[in-house]
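Sequential numbering from 1 along the given sequence is applied to the chain's residues. Note that the coordinates shown come from a computational prediction; the quantities given were computed from them, not determined experimentally.
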Amino acid sequence: MQAHEGPLLPGEEIALMQGLMAGDDAATRALYARFGKPVYTMGYRLLGTREAAEELTQDVFLTAWRKAARFDPARGRLSTWLMTIAHNLAVDRLRRDTGVSRPTLVLVDTVPDAPGDDEEAMLIEHDEAIRAIAALSDAEKRLIARTYFRGMTAREIAEADGIPLGTVKTRLRSALIKVRRANDGKERE
């Protein structure tokens, strides 16, 4: 697979995942080169150490290889699928680590550089994500942050805020739909 500027086209995502399922080394390298750094960065931000972020990154790509047949481009982008795997694995680890040994979240400014290419594409995706989230209300932003960056479940948020679980789920779904629409609108431009 050749170097590519900007987001992958749906056909390129499918070809990459088919290559991964077939055991194609070039597809595996291309997948890691394109998505290794964002996965590592999320892992570092959530888990707090280089070692944990490196281990998470390895586990994400191993999981992607094992579950490649489950990737459905009709349900979302490959980057979203991989970041969801990363987020879920990181949250699982945070939940296992309790007490004083639990790592603290770090500021994005302190995240180190990790191996990876395509900084420009990452910056574009980062800017698009910021614009999409900026369109949310303050309450929606807090909900997204609590869910995706603090790893809270909808039930935990409902209990903490004293509101019905269904209300939290509805608000979260609404916020995510707004983010998706903002990203879809940007892709059509």
Side-chain angles (χ1 to χ4, degrees), residues 1-43 45-46 53 55-95 116-118 121-122 124-133 135-136 140 143-145 147-149 151-155 165-166 168-189:
M1 184 152 281
Q2 58 185 342
H4 187 280
E5 295 296 320
L8 291 172
L9 298 172
E12 292 172 317
E13 290 182 348
I14 292 168
L16 193 58
M17 293 307 288
Q18 287 173 340
L20 183 66
M21 286 187 293
D24 179 13
D25 287 340
T28 304
R29 282 192 298 276
L31 186 72
Y32 185 81
R34 181 170 273 278
F35 300 109
K37 187 171 183 177
V39 168
Y40 174 89
T41 302
M42 176 188 275
R45 229 179 35 223
L46 292 174
E55 184 179 315
L56 176 77
T57 302
Q58 181 180 8
D59 289 347
V60 166
F61 288 98
L62 181 61
T63 301
W65 172 70
R66 285 194 331 253
K67 297 183 177 185
R70 293 185 189 174
F71 172 68
D72 181 2
R75 294 189 64 203
R77 302 192 52 83
L78 178 56
S79 58
T80 304
W81 185 70
L82 289 169
M83 295 305 278
T84 299
I85 292 171
H87 177 265
N88 290 342
L89 289 175
V91 168
D92 288 346
R93 288 181 188 178
L94 286 172
R95 287 187 178 142
D117 298 339
D118 214 7
M122 265 189 44
I124 290 169
E125 284 186 24
H126 180 260
D127 289 344
E128 289 172 355
I130 289 174
R131 280 193 295 275
I133 290 174
L136 300 176
E140 290 169 326
L143 183 60
I144 295 284
T147 303
Y148 286 93
F149 299 113
M152 294 179 73
T153 65
R155 182 172 307 284
L165 176 60
V168 173
K169 288 180 177 182
T170 300
R171 289 176 183 170
L172 181 58
R173 186 178 190 311
S174 174
L176 292 174
I177 287 170
K178 286 181 184 179
V179 170
R180 178 176 285 159
R181 283 185 185 149
N183 282 332
D184 288 346
K186 180 65 181 165
E187 288 176 11
R188 285 189 207 113
E189 291 177 2

- Would a 4.5 Å heavy-atom cut-off, applied to side chains only, mark Q58 and L62 as touching? no
- Item | side chain to side chain contact (heavy atoms under 4.5 Å, CB included) evaluation trace for L46 with H87 | CA-CA 8 Å; L46 292 174; H87 177 265; 4.2 Å; yes
- Can you tell if the side chain of F71 reaches within under 4.5 Å of the side chain of L78, non-hydrogen atoms only? yes
- Where is the tightest heavy-atom contact between A68 and L20, given as atom of each residue plus distance? CB-CD2, 4.1 Å
- If you round to the nearest 0.5 Å, how far is CE of M21 from CG of L16? 10.5 Å
- Trace of the side chain to side chain contact (heavy atoms under 4.5 Å, CB included) decision for V39 with I85: CA-CA 9 Å; V39 168; I85 292 171; over 6 Å; no
- Query: Hey, are the side chains of T57 and Y32 touching, using non-hydrogen atoms and a 4.5 Å cut-off?
  - Reply: yes
- Task: Decide yes or no for D24 and T28: does some side-chain heavy atom of the first lie under 4.5 Å from some side-chain heavy atom of the second?
- Result: no
- Message: With rounding to the nearest 0.5 angstrom, report the CZ to CG distance, F61 to L31.
- Response: 5.0 Å
- Message: Closer than 3.5 angstrom, by distance alone: can the side chain of S174 be matched with the main-chain N or O of T170 as a donor-acceptor pair?
- Response: no
- Query: So how far is it from K67 NZ to R70 CZ, rounded to the nearest 0.5 Å?
  - Reply: 5.0 Å
- Task: Would you give the length of the straight line joining atom CG of L89 to atom CD of E55, rounded to the nearest 0.5 angstrom?
- Result: 10.0 Å
- List the atom of A64, the atom of L82, and the distance in Å for their closest heavy-atom pair. CB-CD2, 3.6 Å
- Message: Working note: T153 + V91, criterion side chain to side chain contact (heavy atoms under 4.5 Å, CB included); need CA distance, chi angles, decisive distance, verdict.
- Response: CA-CA 10 Å; T153 65; V91 168; over 6 Å; no
- Salt-bridge contact K178-E140 (side-chain N to carboxylate O under 4.0 Å): yes
- Taking the side chain as every heavy atom from C-beta outward, state whether W81 and M17 have any atom pair closer than 4.5 Å. yes
- Beyond-backbone contact of M83 with T80, side-chain heavy atoms, under 4.5 angstrom: no
- Correct closest heavy-atom pair for A53 and G43 would be CB-C, 3.8 Å
